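Structure first, then comments.
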Amino acid sequence: MAIVRAAALTGTIRRASDHALGALGSERLLPVLPELRALLPGRGLRRGATVAVATTSGTAADSPSAGPVRSVGATSLVLALLAAASGAGSWCAVVGVPTLGAVAAAEAGIALDRLALVPHPGPDWTTVVAALLDGVDIVVAAPPGPIAPSVASRLAARARQRGSVLVSYGRWDGADITFDAVRGVWHGLERGRGRLRCRQLTIMARGRGAASAPRRTEVWWPALQRSRTSGVPTAPAAVHEGEAALEATG
């Protein structure tokens with residue numbers, strides 16, 4: 001919080017609502033990677049929206065009593081959501097996700113000089129998230145536990161007022177849209193050896209209003225390449241025919 005306030009005093013950080021009307025563009029949308037545009041009604045992240053990235057995907061089909069199954073690519077999906085906006089000049093923050101590192105963020109194309117990491121916000125989680133929503137375009141926040149509806153409503157309202165995007169790393173009742181990486185396949189291992197080179201994620205999106213109809217897409221991550229002639233996403237050149245795919249479990 002102190003860092004955000006000090007930066008605001010020097011003009012380094014402005015309110016997210018100022019960005020919405022200023023030099024960063026008069027649009028109310030923040031860009032996303034081309035592969036994710038089909039999942040969003042406006043083909044971008046709408047300022048003021050609340051988005052959720054599922055970290056669990058139902059229960060195990062063969063053992064319902066085992067409880068929720070961990071999402072196969074929640075962290076990769078968060079990085080993918082931030083990449084294009086960060087590259088276009090937006091500020092981003094990640095709160096309460098200690099496993100997300102600067103190296104992974106940089107490799108995803110996120111500008112580290114415009115990224116704030118708060119891995120351990122402590123008991124003032126709500127206050128930290130609210131303060132960041134005042135001056136950061138996209139705030140990713142992992143709820144430390146069940147969030148009271150009144151708290152969720154206040155934070156969502158703050159995002160709308162400030163023109164920022166609140167991304168919950170985990171379930172968020174009332175989210176405008178929820179993303180879920182339902183399947184992840186690693187490529188690069190061949191006959192038991194080799195290096196994991198890239199990941200193919202199957203992503204589902206569902207939400208409210210214009211986003212109520214479920215949508216689905218495939219994303220290669222982190223090495224996203226496109227055919228120069230068709231523009232269709234293709235597997236990276238490093239993935240050769242005959243390489244085995246390792247199903248990801250986390």
Side-chain angles (χ1 to χ4, degrees), residues 1-4 7 13 16 30 32-33 36 45 49-57 68-87 90-148 151-152 155-156 158-159 162 164-182 184 186 196 199 201 203-205 219 221-222 248-250:
M1 290 172 58
I3 294 175
V4 172
I13 298 178
L30 295 173
V32 295
L33 294 174
L36 298 178
L45 289 172
T50 299
V51 175
V53 173
T55 54
T56 58
S57 299
V69 176
R70 185 169 178 265
S71 176
V72 298
T75 302
S76 295
L77 180 49
V78 164
L79 294 175
L81 283 171
L82 299 182
S86 176
S90 291
W91 278 80
C92 303
V94 181
V95 181
V97 189
T99 56
L100 191 150
V103 173
E107 290 179 345
I110 296 170
L112 296 185
D113 57 349
R114 292 190 298 275
L115 174 66
L117 295 177
V118 188
H120 302 288
D124 295 326
W125 180 88
T126 301
T127 303
V128 171
V129 173
L132 287 167
L133 287 171
D134 281 350
V136 179
D137 296 293
I138 306 177
V139 178
V140 178
I147 300 297
V151 173
L155 290 176
R158 199 176 192 100
R162 305 308 191 197
S164 52
V165 178
L166 173 60
V167 178
S168 172
Y169 185 78
R171 179 178 175 180
W172 191 275
D173 292 337
D176 296 299
I177 188 166
T178 298
F179 293 95
D180 189 1
V182 296
W186 284 100
L196 296 176
R199 193 179 201 180
L201 293 175
I203 300 172
M204 296 284 293
V219 175
W221 186 258
T249 58

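Keep in mind that what you see is a predicted model, and the values were worked out from it rather than measured.
Taking each heavy atom of D180 and L77 in turn, the nearest pair found is N-CD2, 4.2 Å. The minimum heavy-atom distance linking I147 with A152 is given by the pair CG2-N, 3.8 Å. The heavy-atom pair separating A108 from L79 by the smallest distance is CB-CB, 4.0 Å. Closest of all the heavy-atom pairs between V136 and S164 is O-CB, 3.2 Å. Minimum heavy-atom separation, A141 to P143: O-CD, 3.3 Å. Taking every heavy atom of both residues into account, I110 and A83 meet most closely at CG1-CA, 4.0 Å.
Residues R114 and S90 have side chains not in contact (no heavy-atom distance under 4.5 Å, counting atoms from C-beta outward). Side-chain contact between Y169 and V95: absent, with no pair of heavy atoms (C-beta onward) separated by less than 4.5 Å.
Considering CG of L33 and CG of L82, their distance stands at 10.0 Å, rounded to 0.5 Å. Rounding to the nearest 0.5 angstrom, the gap separating the OG atom in S86 from the CG atom in L30 is 11.0 Å. The structure places CH2 of W91 at 9.0 Å from CG of L115, a figure rounded to the nearest 0.5 Å.
Other residues, nucleotides and ligands contribute at most 12 non-hydrogen atoms within 6.0 Å of the CZ atom of R171.
A distance-only check finds no donor-acceptor pair linking the side chain of T50 to the backbone of L166 [under 3.5 Å]. Distance alone, capped at 3.5 Å, places no donor-acceptor pair between the D137 side chain and the C92 backbone. The main-chain N or O of D134 is never found under 3.5 Å from a side-chain atom of R158 such that the two would form a donor-acceptor pair. Judged purely by atom type and a 3.5 angstrom limit, W125 uses its side chain to pair as donor or acceptor with the backbone of A142.
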